[in-house]
Novice: 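The structure that follows is given in the form of structure tokens.
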Amino acid sequence: MNAKSGPKAAAPEPNAATKLHAPLARLLRPLVRLCIRSGMTFPALAQLLRELFVNVAEHDFALEGKEQTDSRVSLLTGIHRKEVARLRGAGAPVHETPAALSLTSAVIARWLAAPEFTDAKGEPLALPRTAEGDAPSFEQLVASVTKDVRPRAVLDEWVDRKLVTINAADEIELVEAAFVPSGADDSKWHYLGRNLHDHIAAAAENVSGPAPRFLERAVHYNNISPKLAKRLEARSRELAMEALKTANREANRALAKDKGGDARWNFGIYIYSEDADQENEAKDVGKDIGKDIGKDDAGKKEGSSS
């Protein structure tokens, strides 16, 4: 569910805007790098931010029982009232998942979770195109998620996108690429927006509210050799995939008994490493080993940051 800072939220702490400057500059730096690399200029980004400031102030900071006026939006955002009047009413940003992407995610999630489509170790089975009776097959897999799309159409698209391969026994195998959108896959842009939104929304809620609401933690080690960094990255990938597969299996089982609704849940993991300190931050002498786990659900500070 989207976290909102509405009128009922706790009042901002003194000098919050000043304290936000440094972390905001740091989190925006890779996004600015992406903008420049992708050809988005500063004027285009500034216009987008102007529209978003007006949109968020209009929809997320409206006072209950009162009409949100141009003057109040202008006061909240610092944008001139005439500009506010021009930009208001455009509607909230679109968050819907593209239909094709939603279907692909649902079918892959079921392939990774349902016991009839996984082996004793929980790994996805190689599936024949069709099978007799209740024997697992790719056709049965797709039909268990939707009957509006032909399994052959899904298979052709997935082969083309290299999400699956067909082995010598004419069985369909899910490949590692199915978990991560490739450079040529447009779905990567959807995941960029969704996953970064949810991560930032969780962190923003944690620093804005009276006590941390969401789990948002990281383990980090600084001043280590590139060789160890690569080894830790590889091992953390294995641990991350195990956690994601376990969460997916449990969610998929629970889904069968769920009555449905408008809530949303996202469980994400990120891994990052670099050979040098790209942010030019000061380094302590010697090896600095830290476990940055943020605050627990009770609001206690645990561990130490580097």
Side-chain angles (χ1 to χ4, degrees), residues 1-2 93-131 133-167 171-199 201-202 214 237 240-270:
M1 298 178 66
N2 293 343
V94 176
H95 297 300
E96 288 80 7
T97 303
L101 178 58
S102 179
L103 174 61
T104 295
S105 298
V107 175
I108 291 177
R110 183 154 178 78
W111 197 348
L112 292 168
E116 61 267 36
F117 300 116
T118 54
D119 60 22
K121 295 182 180 179
E123 296 299 322
L125 292 170
L127 300 173
R129 298 170 190 260
T130 60
D134 294 331
S137 68
F138 187 79
E139 184 178 75
Q140 183 191 54
L141 170 66
V142 176
S144 69
V145 175
T146 179
K147 292 181 172 58
D148 296 332
V149 180
R150 292 186 300 108
R152 178 56 187 268
V154 175
L155 177 59
D156 289 343
E157 179 191 355
W158 285 16
V159 168
D160 184 59
R161 292 171 56 188
K162 296 180 173 58
L163 301 181
V164 295
T165 58
I166 300 176
N167 63 25
E171 295 173 323
I172 301 158
E173 296 182 346
L174 187 65
V175 299
E176 187 73 16
F179 305 127
V180 183
S182 66
D185 191 341
D186 285 342
S187 65
K188 66 183 180 181
W189 299 107
H190 167 76
Y191 286 121
L192 171 72
R194 189 198 68 181
N195 292 344
L196 278 185
H197 167 275
D198 289 358
H199 192 164
F214 298 105
R237 283 176 179 271
M241 287 309 303
E242 290 174 10
L244 290 170
K245 288 179 181 179
T246 299
N248 178 57
R249 282 194 294 269
E250 294 187 10
N252 197 270
R253 285 196 296 266
L255 196 65
K257 299 179 181 179
D258 187 58
K259 295 180 180 179
D262 59 359
R264 186 171 70 87
W265 165 78
N266 189 14
F267 171 54
I269 298 174
Y270 70 91

Novice: Closest approach of Phe138 and Pro151, non-hydrogen atoms and distance?
Specialist: CE2-O, 3.5 Å
Novice: Roughly how far, to the nearest 0.5 Å, is CD1 of Ile269 from CG of Asn195?
Specialist: 11.5 Å
Novice: Less than 4.5 Å apart, side chain to side chain, heavy atoms only: is that true for Leu103 and Val107?
Specialist: yes
Novice: Testing Leu174, Ile172, Val164, Ile108 for side chain to side chain contact (heavy atoms under 4.5 Å, CB included) with Pro124, which one passes?
Specialist: Leu174
Novice: Just verifying a value: how many Å separate Ile166 CD1 and Glu173 CD, rounded to the nearest 0.5 Å?
Specialist: 10.0 Å
Novice: Which pairs, with at least one residue in residues 113-124 and sequence neighbours excluded, count as a side-chain hydrogen bond (donor to acceptor under 3.5 Å, both in side chains)?
Specialist: Arg110-Glu116, Glu123-Lys245
Novice: Which atoms form the tightest heavy-atom contact between Ala113 and Asn252, and what is the distance?
Specialist: CB-CB, 3.4 Å
Novice: Check Asn167 against Ala126 and note the closest heavy-atom contact, atom names and distance.
Specialist: ND2-CB, 4.2 Å
Novice: Could you give the distance from OG1 (Thr104) to CD (Glu157), rounded to the nearest 0.5 Å?
Specialist: 5.0 Å
Novice: First locate atom CD of Glu139, then atom CG of Leu127, and finally report the distance between them rounded to the nearest 0.5 Å.
Specialist: 11.5 Å
Novice: Write down the atom of Ala247, the atom of Phe267, and the distance for their closest heavy-atom approach.
Specialist: CB-CD2, 3.5 Å
Novice: To the nearest 0.5 Å, tell me how far Leu112 CG sits from Thr246 OG1.
Specialist: 11.5 Å
Novice: So, for Phe117 and Ser144, which heavy atoms are closest and what is the spacing to 0.1 Å?
Specialist: CE1-OG, 4.2 Å
Novice: Evaluate the ring planes of Trp111 and Trp158, with Trp represented by its six-membered ring, and classify them as parallel (under 30°), tilted (30 to 60°) or perpendicular (over 60°).
Specialist: parallel
Novice: When rounded to the nearest 0.5 angstrom, what is the spacing between CG in Asn266 and CZ in Arg194?
Specialist: 4.5 Å
Novice: Which salt bridge (charged side-chain N to carboxylate O under 4.0 Å, His left out) pairs, counting each pair once, include a residue from residues 247-261, with sequence neighbours left out?
Specialist: none
Novice: Please enumerate all residues that pass side chain to side chain donor-acceptor pair (under 3.5 Å) together with Asp156, with sequence neighbours excluded.
Specialist: Arg152
